[in-house]
Amino acid sequence: MSAFSTADISHMSRALQLAERGLYTTDPNPRVGCVLVRDGEVVGEGWHAVAGGPHAEVVALEQAGEAARGATAYVTLEPCCHHGKTPPCSDALIQAGVARVVAAMEDPNPRVAGQGLKQLHGAGIAVASGLLAAQAEALNPGFCQRMRIGRPFVRSKLAMSVDGRTAMASGESKWITGEAARHDVHRLRARSSAIMSGIGTLLADDPSLTVRTPSGETASRQPLRVVLDPHLSTPEDARFLGQPGRSLIVTATEEPELQQRLERAGAEVVYLPHGGDAIDLHALMRLLAEREINEVLLETGSILSGAVLHAGIIDELVIYMAPKLMGDGAKGLFHTPGLDKLADAVPLDIRDIRAVGEDWRITARVLAEE
């Protein structure tokens, strides 16, 4: 028999809905929601809206006031018990006199990791966790992965025809998908901590790598733009360098003059060689994790996409499939030399397929090799 009632499930579901409101704004913090219930009535609700601002529990407690005493707090992530930019939420819950705390999941942050629930229990508050844990983790794949293994969650965005082609042999690729799919991509960009591309895409398309609203305006919050450029070939007038927000160029070339030229143009340049002309992709992921990057969106050509896939770094594919046939002379999704036998194929777990305008969006996780 479940330890949780239908009322528990209903209130936690509401807390998850609230947490989702911070999908585009809480970075690098996790998205968290909280619902306070006393005598079967909701007395307070809150969600974490922006890093540095009040946490979900504090917002809900302020709304509830004295009604929080004796209430149950449903929170999508274990309450923090350490001083960061804000005081511990565990202290606030204790001082408010709540009687019970139900957390969807324990916080993977080593500074918390069960200690918040332990502190609450020690103060005489009934605690429980594990209610709708999978749904709570799905809201914060990057934060959870960064805390557990020191690497961001990497999502590869791809657009292709029905026959799996991403560009004509000439390189022409605008536009494979329709307007609705392109707007959907900006939602993916908006939830990301960083957008990553390669020098090949940069030189071919000169993208801005920014988040834009459906009306075409540049959004206020912009993810870090990361360009992999082994030989520092980025032009000083590249569009992404003139955009609001930060730009990072990662290179395998030690050329002080070229580096200074790009730094004057507004970029930070980081040297991460991996032998020859290659960039150390694993070192790059560690660097991004150290900079509190939770989710990385790859917008790369087939060669770089294949290299990142081969390195075992891609966690999720988001593929937009257009109702077109582009022929066998066009370019494929991934450049993957060495996949000669069916046994070498990369296994995927398809999580979602849905229509987006005239196109189809396929979301799949890359399964780890046995």
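For the single chain, residues carry numbers from 1 onward in sequence order.
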J.: Would you mind telling me which of Arg191, Arg146, Arg189, Arg151 makes a salt bridge (Lys or Arg N to Asp or Glu O under 4.0 Å) with Glu295?
T.: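 Exactly one pass, corresponding to Arg191.
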J.: Quick check: does any side chain N or O of His48 sit under 3.5 Å from a backbone N or O of Pro54, one acting as donor and the other as acceptor?
T.: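 Present.
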J.: Can Arg182 and Glu358 be counted as an ion pair, charged N to O under 4.0 angstrom?
T.: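 Salt bridge flag = no for Glu358 with Arg182.
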J.: Should Asp91 and Gln119 be marked as a side chain to side chain donor-acceptor pair (under 3.5 Å) after you check the CA-CA gap, both sets of side-chain angles, and the distance that decides it?
T.: CA-CA 9 Å; Asp91 287 353; Gln119 181 189 357; 2.7 Å; yes
J.: For Gln222, what residues pass the side chain to side chain contact (heavy atoms under 4.5 Å, CB included) criterion, not counting sequence neighbours?
T.: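 Applying side chain to side chain contact (heavy atoms under 4.5 Å, CB included) to Gln222 gives Thr210, Val211, Thr218, Ala219, Arg225, Pro244.
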J.: For the residue pair Leu248 and Arg291, what are the closest heavy atoms and their distance?
T.: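 Heavy atoms only, the tightest pair is CD1-NH1, 4.2 Å.
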J.: Let me check something: do Leu202 and Leu232 share a hydrophobic cluster, defined by ILVMFWY side-chain heavy atoms less than 4.5 Å apart, either directly or through other members?
T.: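 In one cluster: yes.
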J.: Should Arg351 and Asp349 count as an ion pair when the cut-off is N to O under 4.0 Å?
T.: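 Looking at Asp349 together with Arg351, the answer is yes, because their closest N to O distance falls below 4.0 Å.
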J.: Can you name the residues that form a salt bridge (charged side-chain N to carboxylate O under 4.0 Å, His left out) with Asp8, not counting sequence neighbours?
T.: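 With neighbours one apart ignored, the set is Arg100.
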J.: Could you walk me through whether Arg361 and Asp359 pass the salt bridge (Lys or Arg N to Asp or Glu O under 4.0 Å) check?
T.: CA-CA 7 Å; Arg361 186 184 71 199; Asp359 306 305; over 6 Å; no
J.: Examine distances only and state if a side-chain atom of Asp107 and a backbone atom of Val112 form a donor-acceptor pair shorter than 3.5 Å.
T.: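 No: the side chain of Asp107 does not pair with the backbone of Val112.
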J.: Transitively linked via ILVMFWY side-chain contacts under 4.5 Å: Val227 with Leu258?
T.: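 Hydrophobic grouping puts Val227 with Leu258.
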J.: Over all heavy atoms of both residues, which pair between Gly22 and Arg31 is shortest? Give the atoms and the distance, please.
T.: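 Scanning both residues, the minimum pair turns out to be O-CG, 3.5 Å.
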J.: Any donor and acceptor pair, going by atom type alone, linking the side chain of Thr251 with main-chain N or O of Pro230 inside 3.5 Å?
T.: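 Yes; judged by distance alone, with no hydrogens or angles, the pair exists.
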J.: For Asp229 and Thr234, indicate whether the former's side chain and the latter's backbone hold a donor-acceptor pair under 3.5 Å.
T.: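 Side chain of Asp229 to backbone of Thr234, a donor-acceptor pair under 3.5 Å: yes, one is there.
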